[in-house]
Amino acid sequence: MMDNAKAPLVTVPDLAGLEPVQTLKRRWPMVIGAIVTIAMIAGLGRELFGSGLAGLSRAVPHNPLFYIAFALLYLAPPVGDFIIYRRLWRIPISGLAALLKKRIANDVVLGYSGEAYFYAWARQRTHIVAAPFGAVKDVSILSAIAGNTVTLAMIALALPLGAGLLTPIQLSTVETSAAITFAMSLPFLIFSKRVFSLPRTTLWWIFMVHAVRLISGTIFIAFAWHYALPTVSIGMWLILGAARMLVSRLPFVPNKDLLFANFAILLIGQDAALSELMAMTAALILLVHIVLIGSFSLHGLLRTKNGVA
């Protein structure tokens with residue numbers, strides 16, 4: 001009887017060779033977050049050394065109520081998102097910092113780069129949510145739909161009153177943009193069952209939170225402007241706040257800031273004071289962005305130095 005031959009040895013993959021691949025897979029959300037953070041800092045630097053802070057060289061409001069209204073205006077988007085994700089994922093209060101970074105990225109980098117950052121942040125916290133893509137996608141789409149809906153409602157209310165203040169070309173541009181704005185939201189509504197992943201009742205709730213946030217933001221900026229320039233009535237500022245959001249969301253409208261400034265000057269006059277107020281408001285938002293990004297970066301460095309993950 002022949003001796004049994006030794007079975008061939010099974011080659012075991014070199015786990016050390018696979019480790020970098022696994023590490024990369026685990027760390028890609030961190031890499032995306034770091035890239036977006038660097039882009040935010042670069043974008044803020046570009047605005048800072050451009051004309052962004054020129055508005056702060058002029059007179060700033062002394063009424064403390066202006067800064068209260070401005071703070072509410074600034075916090076409205078991240079707080080609205082926090083309310084939504086608190087219900088969806090039960091995120092802790094520390095998640096508000098990630099949502100503030102999301103807002104800054106959308107303002108100074110590229111549209112929806114903030115969503116990419118927040119998705120990467122959520123992927124690093126699988127103990128909060130295992131598959132965040134569907135929720136982030138639904139919330140982002142509903143934010144756009146809510147913005148378009150509120151914009152169209154404002155057009156319906158404001159166009160009969162402000163049509164006489166616009167040139168025929170501007171009026172035609174607004175009407176065309178309104179039609180395009182409606183058309184952009186239509187496919188998501190028609191194919192909602194294929195587009196959205198969250199339950200319908202949750203989707204309606206998210207839509208309402210976005211709508212309230214948008215309307216609140218318009219009210220907050222109207223009060224901030226009123227406290228800065230009290231000679232103009234709060235009612236007129238509410239109209240201008242609505243016009244500001246309307247103009248900012250209309251597609252294919254060139255020189256949106258110039259169009260809004262011209263419309264505001266036609267309504268209330270005070271060219272120099274209004275121009276300074278608009279420049280100061282934009283510069284103050286930029287300044288808050290810079291302070292927050294600097295604070296978050298310093299906090300991250302201290303955590304890394306202390307060995308906190």
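We number each residue from 1, following the sequence as shown.
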What's the separation between atom [atom1] in [X] and atom [atom2] in [Y], rounded to the nearest 0.5 Å?
| X | Y | atom1 | atom2 | value |
| --- | --- | --- | --- | --- |
| I285 | L73 | CD1 | CG | 5.5 Å |
| L238 | S233 | CG | OG | 8.5 Å |
| T201 | W204 | OG1 | CH2 | 11.5 Å |
| I221 | S216 | CD1 | OG | 13.0 Å |
| L99 | L75 | CG | CG | 11.5 Å |

Contacts of type salt bridge (charged side-chain N to carboxylate O under 4.0 Å, His left out), residue R103, not counting sequence neighbours: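 With sequence neighbours excluded, R103 shows a salt bridge (charged side-chain N to carboxylate O under 4.0 Å, His left out) to D107, given in chain and number order.
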Check the pair F207, T149 against side chain to side chain contact (heavy atoms under 4.5 Å, CB included), reporting the backbone distance first and the verdict last. CA-CA 10 Å; F207 174 85; T149 302; 3.9 Å; yes
Tell me whether [X] shares a hydrophobic cluster with [Y], the cluster being built from Ile, Leu, Val, Met, Phe, Trp, Tyr side chains joined at under 4.5 Å.
| X | Y | result |
| --- | --- | --- |
| L96 | V288 | yes |
| I104 | L301 | no |
| F220 | V212 | no |
| F188 | L142 | yes |
| L72 | I93 | yes |

Chi angles and distances behind the side chain to side chain contact (heavy atoms under 4.5 Å, CB included) call for F118, R123: CA-CA 9 Å; F118 186 68; R123 280 297 303 265; over 6 Å; no
Side chain to side chain contact (heavy atoms under 4.5 Å, CB included) for L229 and W225? Distances and angles first, verdict last. CA-CA 6 Å; L229 202 60; W225 285 342; over 6 Å; no
Sorted by first residue and then second, give each salt bridge (charged side-chain N to carboxylate O under 4.0 Å, His left out) pair with at least one member in residues 82-97; sequence neighbours left out. none
Pairwise side-chain contact, [X] with [Y], heavy-atom cut-off 4.5 Å (strictly under):
| X | Y | answer |
| --- | --- | --- |
| L65 | H226 | no |
| N148 | F182 | no |
| D138 | I206 | no |
| P64 | Y227 | no |

Listed partners of F196 passing ring pair (Phe, Tyr, Trp, His ring centres under 6.0 Å), at least two apart: none
Treating [X] as the side-chain partner and [Y] as the backbone partner, does any N or O pair qualify as donor plus acceptor under 3.5 Å?
| X | Y | answer |
| --- | --- | --- |
| K137 | V195 | yes |
| T151 | G147 | yes |
| S113 | A105 | yes |

Taking all heavy atoms of [X] and all of [Y], pick out the closest pair and write down the distance.
| X | Y | value |
| --- | --- | --- |
| H210 | D81 | CE1-OD1, 3.7 Å |
| V139 | I84 | CG2-CG2, 3.8 Å |
| Y117 | A98 | CE2-O, 3.7 Å |
| P61 | A228 | CG-CB, 3.6 Å |
| V136 | S140 | O-OG, 2.8 Å |
| P78 | L100 | CG-CD2, 3.5 Å |

Taking it one step at a time, do L88 and T202 satisfy side chain to side chain contact (heavy atoms under 4.5 Å, CB included)? CA-CA 9 Å; L88 295 179; T202 303; 3.7 Å; yes
Classify the ring geometry of Y119 against F133: parallel below 30°, tilted from 30° to 60°, perpendicular beyond 60°.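 Ring orientation, 0 to 90° scale: perpendicular.
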Where does the angle between the aromatic ring planes of F70 and F66 fall among parallel (under 30°), tilted (30 to 60°) and perpendicular (over 60°)?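 Aromatic pair F70/F66 classed parallel.
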Are side-chain N/O atoms of Y74 and H289 paired as donor and acceptor at under 3.5 Å?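 Per modelled atom types, Y74 and H289 side chains form a pair under 3.5 Å.
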